[in-house]
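So the structure is just underneath, and the comments pick up after that.
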Amino acid sequence: MNSPEQPLPTFDEVLLCTPHTSAEQVGLFLRRCLIPCHGGDKIYTMLYADELSYEVSCRAEELFQHLQCYSSSYRLIVLCNCERENSYLPSAFSHCKVHMIPQRSQADIQQYLQLHFRVPQPCGSAAAVFKEHTCVGIVSSKRAGMGK
């Protein structure tokens with residue numbers, strides 16, 4: 001996000017973890033990250049790693065330790081909720097922990113995302129209903145089940 005030209009992460013660079021994320025999904029993600037290939041300088045990110053089940057977390061750590069020998073130049077970010085930092089995977093990587101504070105203002109982040117999510121020609125696109133013709137929008141309500 002240092003410049004507006006920098007692209008958003010691609011689908012293969014991000015793993016959004018839930019309690020239902022399988023060991024196979026985590027394994028495929030770690031292999032993409034840790035086994036060198038011609039993919040370039042990608043930054044891989046595991047979001048909500050603290051949500052992984054204990055079994056999946058154990059297998060992920062074992063696989064990480066095994067694959068780490070293939071590359072010393074990998075770039076992996078593991079994000080978790082600071083209130084759940086004592087769950088297995090964040091604890092296993094606690095020696096690498098860095099507390100992060102956003103370096104950009106919320107307005108700068110919103111402007112960057114609007115630039116990358118804007119539809120070039122909104123005619124005939126559902127993006128016409130969102131602010132500034134973006135292809136992503138958030139619809140929320142304080143009342144549950146109101147047809148969002």
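The residues of the chain are indexed from 1 along the displayed sequence.
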Is it possible for you to say whether [X] and [Y] belong to one hydrophobic cluster, with membership spreading through side-chain heavy-atom contacts below 4.5 Å?
X	Y	answer
V56	V14	no
L79	L113	no
Y74	V78	yes
I35	Y44	yes
L63	L15	yes

Rounded to the nearest 0.5 Å, what separation is found between the [atom1] atom of [X] and the [atom2] atom of [Y]?
X	Y	atom1	atom2	result
Q106	Q111	CD	CD	13.0 Å
L30	E62	CG	CD	12.0 Å
F93	S57	CZ	OG	9.5 Å
D12	L28	CG	CG	11.5 Å

Does [atom1] belonging to [X] count more than 12 external heavy atoms closer than 6.0 Å?
X	atom1	result
Q65	CD	yes
R59	CZ	no
Y48	OH	no
E55	CD	no

Within the distance-only criterion (no hydrogens, no angle test), does the side chain of [X] pair as donor or acceptor with the backbone N or O of [Y] below 3.5 angstrom?
X	Y	value
S91	N86	yes
E13	I43	yes
D50	N81	yes

Locate the shortest heavy-atom distance separating [X] from [Y]; write the atom from each residue and the value.
X	Y	answer
Q25	H20	OE1-O, 4.3 Å
L89	A60	CD1-CB, 4.4 Å
L34	F64	CD1-CD1, 3.5 Å
T21	L16	OG1-O, 3.9 Å
M46	C17	CE-SG, 3.8 Å

>> Any non-hydrogen side-chain atom of L76 less than 4.5 Å from a side-chain atom of F29?
In response: yes
